[in-house]
Amino acid sequence: MTVRTRFAPSPTGSLHVGGARTAIFNWLFARHAGGQFILRVEDTDRERSTEESILEITDAMEWLGLDWDEGPFRQSERLEIYQKHANLLLDSGHAYKCYVTPEELDEKRKEAQSRGDVLHYKREWAKLNEGPDVPYVIRLQTPDEGTIEVQDKLRGTVTFDATEVDDFIILKRDGFPTYNFAVVVDDATMNITHVIRGDDHLINTPRQVLIYKSLNYEVPTLAHVSMILGSDNKRLSKRHGATSVVAYKDRGYLPEAIINFLSRLGWSYGDQEIFSKEELIEKFTLDNVGKSAAVFNEEKLEWLNSHYIKNDPPEKIAELVIPLLKENGLEVELDEKLIKIIKELSQRAKTLLDIRDSINYFYASEIEFEEKAKNKFLKSEIKPVLQDIVDKLSNLSDFNMDEMHKVFDQVMEERELKLGKIAQPVRVALTGGTVSPGIFEVMDILGKDEVIARLNNAISVIPNE
RNA sequence: GUCCCCAUCGUCUAGCCUGGCCCAGGACAUCGGCCUUUCACGCCGAAAACAGGGGUUCAAAUCCCCUUGGGGACGCCA
């Protein structure tokens with residue numbers, strides 16, 4: 001039997017990192033097994049589900065490179081299937097109609113609560129209000145005693161007492177299925193073989209097992225992965241800052257960094273930290289998935305991101321940076337100059353935005369000097385030195401790094417200055433600030449004319465003694 | 001409150017299933033050093049954990065129990 005996994009988000013917001021991790025695990029598991037990965041949208045909550053959100057989720061998945069083989073299916077388009085299954089259960093006596101109103105139920109629930117209890121509804125008020133035109137829900141008739149066992153691939157057998165499970169609703173009065181029912185009907189009819197999902201669903205699983213059994217469907221292999229927590233050990237939420245995948249995209253993160261990072265949250269392969277997508281597919285198995293919750297560690301994500309920025313081909317990084325520059329009003333082409341710049345800047349960037357924010361002086365027609373840098377390094381005594389450098393550089397017929405080195409060596413020797421004394425003023429002259437790639441690299445990128453122009457410009461702004 | 005899950009450095013984790021090779025390994029972050037024309041990168045090094053208590057055993061991070069701690073769930077939400 002071919003492996004079929006699924007990712008089933010509810011479209012009530014954009015894809016957050018927790019959901020992305022679940023999607024990644026399912027996707028990796030399917031790809032590893034050469035099976036299929038299905039996308040299903042669980043939009044039975046009519047109040048909160050939006051089309052926009054579906055688009056946001058699929059966009060994020062595409063950006064991450066999580067391709068799906070079927071779907072996105074919408075549960076809202078499968079109502080007949082759920083109703084048919086509900087009727088099946090009605091006919092077989094596994095389910096019954098219940099006429100209690102939500103308000104009445106609320107009251108009962110409050111009563112129970114005031115007794116310090118939880119309402120465990122076992123069909124006692126089903127016939128209350130019964131009548132031909134009275135709206136009703138359909139509930140599953142659950143066992144009154146005994147236990148319900150859940151087989152979990154990660155946690156073994158988990159046993160629940162039947163009294164813990166009440167006669168839950170499978171079909172709401174609006175004819176929509178509830179989550180537990182829709183999930184089971186879908187997973188069964190879509191032939192899902194492996195359900196990998198968050199830990200928070202483990203508590204739902206006895207209910208789902210009951211539905212599978214009542215419907216005579218086989219229970220798929222279940223694996224409940226533990227959740228991702230914020231730095232305060234609470235379930236990751238908006239409170240913790242950026243939690244959506246697009247937020248990270250917008251902050252200059254690379255999809256491979258996110259995939260790599262999220263894969264390693266709850267899964268590991270010995271001591272290895274860096275995984276390409278292909279490697280993940282090859283190495284991912286449920287055996288190496290851990291059971292304890294993992295804290296989302298932004299610093300490690302950042303480290304991975306900087307790793308990929310450093311090690312990805314500069315052409316690729318350049319292509320990602322170009323649109324960011326455009327947003328800032330800087331139109332640049334993917335040429336040799338940009339590649340050289342990226343090679344340098346990617347060494348010191350943690351995100352694509354770091355590159356975007358430190359690239360300006362390479363393209364500026366006029367250098368803006370940082371006040372502090374100018375005051376510290378562009379002083380009158382350096383003026384003749386800069387002039388000397390301009391003269392010597394002007395004479396170079398071949399403006400390459402070797403020749404530049406020779407020029408600087410010569411100046412250093414003649415004037416008995418250390419490179420540091422010369423390099424910083426030159427850096428300020430060329431870039432306007434004190435932080436940049438190596439000075440010779442910068443000169444190489446700018447080219448002879450621009451270097452000389454900028455040095456001359458700096459000389460002109462230095463006051464005479 | 002009830003039920004369910006979980007428990008190794010601050011964080012992600014290896015080791016646990018199949019006890020001894022573990023006075024516990026790697027990575028991020030931190031701190032120190034080296035490199036150096038700035039900032040980074042890189043390299044070297046340091047500090048840092050088996051939650052506690054009982055068992056079982058010649059031997060326990062590894063198996064069992066209890067306690068504690070953390071998380072999750074208790075909806076006509078998903």
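Fair warning: this is a prediction, and the values are worked out from it, not measured in the lab. The sequence lines fix the lettering, A, B, ..., with proteins before strands; numbering per chain opens at 1.
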Nearest listed nucleotide, side chain of Lys291(A), among C6(B), U2(B), A73(B):
C6(B)
Among U38(B), A27(B), A78(B), the one nearest any side-chain atom of Arg427(A) is U38(B)
Please work out whether the ring planes of Tyr253(A) and Tyr248(A) are parallel, tilted or perpendicular, with thresholds of 30° and 60°.
perpendicular
Touch class at under 4.0 angstrom, heavy-atom based, for Ser436(A) against every strand present
base
Answer with base, sugar-phosphate or nothing: what part of the nucleic acid does Val137(A) contact at a heavy-atom distance below 4.0 Å?
base
Looking for any heavy atom pair under 4.0 Å, which part of the strands does Arg155(A) touch: base, sugar-phosphate only, or nothing?
sugar-phosphate
Pick the C1' atom in G10(B) and in C4(B), then give their distance to the nearest Å.
28 Å
Need one value for Leu265(A): base, sugar-phosphate or nothing, where a base atom within 4.0 Å counts as base even if backbone is also close, heavy atoms only.
sugar-phosphate
Nearest heavy atoms of Phe399(A) and Gly447(A), plus distance in Å
CE2-C, 3.6 Å
Counting distance alone, no hydrogens or angles: does the base of G25(B) have a donor or acceptor under 3.5 Å from a partner atom on the side chain of Asp271(A)?
yes
As a test of reading the structure: which of C5(B), A14(B), A78(B) is closest to the side chain of Thr178(A), going by heavy atoms?
A78(B)
Taking the six-membered ring for Trp, are Phe275(A) and Phe284(A) ring centroids under 6.0 Å apart?
no
Indicate, yes or no, whether a donor-acceptor pair under 3.5 Å links the base of A78(B) to the side chain of Asn204(A).
yes
Identify whether any heavy atom of Thr44(A) sits under 4.0 Å from a base atom; if not, whether one sits that close to sugar-phosphate; answer base, sugar-phosphate or nothing.
sugar-phosphate
Distance, C1' atom - from G25(B) to A40(B), rounded to whole angstrom:
29 Å
Roughly how many Å is it from CG in Leu419(A) to C1' in U38(B), rounded to a whole number?
10 Å
Which whole number of Å gives the distance between the C1' atom of G19(B) and that of C12(B)?
26 Å
Answer with base, sugar-phosphate or nothing: what part of the nucleic acid does Pro206(A) contact at a heavy-atom distance below 4.0 Å?
nothing
Mind checking whether Phe296(A) and Phe261(A) have ring centres under 6.0 Å apart?
yes
Using a 4.0 Å heavy-atom cut-off across all strands, classify Gly438(A) as base, sugar-phosphate, or nothing.
base
Considering Watson-Crick and G-U wobble pairs with both distances under 3.5 Å, what does C16(B) pair with?
none
Under a 3.5 Å limit for both distances, which nucleotide forms a Watson-Crick or G-U wobble pair with A7(B), could you say?
U68(B)
Out of C5(B), A73(B), C41(B), which nucleotide sits closest to the side chain of Arg235(A)?
A73(B)
May I ask you to say what Lys418(A) touches in the nucleic acid, namely base, sugar-phosphate or nothing, with a heavy-atom cut-off under 4.0 Å?
nothing
Identify the nucleotide, in any strand shown, that forms a Watson-Crick or G-U wobble pair with C74(B), with both distances under 3.5 Å; if there is none, say none.
G1(B)
State whether a side-chain donor-acceptor pair under 3.5 Å links Thr163(A) with Asp161(A).
yes
Neighbour count >12 (heavy atoms, 6.0 Å) for atom NZ, Lys421(A)
no
Using atom P in both nucleotides, what's the gap between A24(B) and A51(B) to the nearest angstrom?
15 Å
Measure from the side chain of Glu441(A), starting at C-beta and using heavy atoms only, and say which of U37(B), U11(B), C4(B) lies closest.
U37(B)
Regarding Phe296(A), tell me which of base, sugar-phosphate or nothing describes its non-hydrogen contacts under 4.0 Å with the strands shown.
nothing
Sugar-phosphate only, base, or nothing, as touched by Asp106(A) at under 4.0 Å among non-hydrogen atoms:
nothing
So what does His224(A) hit on the nucleic acid, given a heavy-atom distance under 4.0 Å: a base, only sugar-phosphate, or nothing?
nothing
Mind checking if Val295(A) touches a base, just sugar-phosphate, or nothing, with heavy atoms under 4.0 Å?
sugar-phosphate
When only distance counts, do a donor and an acceptor, one from the side chain of Lys300(A) and one from the base of C12(B), lie under 3.5 Å apart?
yes
Out of C28(B), A73(B), G75(B), which nucleotide sits closest to the side chain of Arg109(A)?
G75(B)
Now, which nucleotide makes the Watson-Crick or G-U wobble pair with A24(B), with each of the two distances under 3.5 Å?
none
Please report the distance separating the P of C63(B) from the corresponding atom of C16(B), rounded so that it comes out in whole Å.
9 Å
Nearest atoms (heavy-atom pairs only) where Thr12(A) meets Ser53(A):
N-OG, 3.4 Å
Separation of the C1' atoms in A60(B) and C17(B), to the nearest angstrom
14 Å
Mind checking the C1' distance from U13(B) to A29(B)? Whole angstroms is fine.
14 Å
Taking a pair as Watson-Crick or G-U wobble with both distances under 3.5 Å, which nucleotide is matched to A60(B)?
none
Can you figure out which of A78(B), U13(B), G72(B) approaches the side chain of Met227(A) most closely?
G72(B)
Looking only at the side chain of Gln424(A) (C-beta and beyond, no hydrogens), which of the listed nucleotides U37(B), A78(B), C76(B) gets closest?
U37(B)
Is a donor-acceptor pair below 3.5 Å formed from side chain Arg173(A) to base C76(B), judging by atom type as modelled?
yes
Categorize Glu273(A) for me: base, sugar-phosphate, or nothing, with a 4.0 angstrom heavy-atom threshold over every strand shown.
base
Within this structure, what is the CG-to-P distance between Asn288(A) and C17(B), rounded to whole angstrom?
16 Å
Rounding to an integer number of Å, can you tell me how far Lys234(A) NZ sits from A73(B) P?
12 Å
If you compare all heavy atoms of Ala293(A) against all heavy atoms of Leu229(A), which two are closest, and at what distance to 0.1 Å?
CB-CD2, 3.5 Å
Side-chain donor-acceptor pair present, Asp45(A), Tyr179(A), cut-off under 3.5 Å:
no
Measuring to OP1 and OP2 of A14(B), would you say a side-chain N or O of Ser268(A) lies under 4.0 angstrom away?
yes
Could you state the CG-C1' distance from Leu229(A) to A7(B), rounded to the nearest angstrom?
13 Å
Taking any heavy-atom pair under 4.0 Å as a contact, classify Arg48(A): base, sugar-phosphate, or nothing.
base
Could you work out which one of A29(B), U37(B), U13(B) sits closest to the side chain of Trp303(A)?
A29(B)
Considering only heavy atoms from C-beta outward, does the side chain of Leu140(A) approach that of Ile211(A) to under 4.5 Å?
yes
Phe261(A) has an atom CZ; how far is it from atom C1' of A27(B), in whole Å?
12 Å
Out of U38(B), C76(B), C12(B), minimum distance to the side chain of Val435(A) belongs to U38(B)
If A48(B) has a Watson-Crick or G-U wobble mate with both distances under 3.5 Å, name it; if not, just say none.
none
Could you give the distance separating A14(B) and G32(B) at their P atoms, to the nearest angstrom?
31 Å
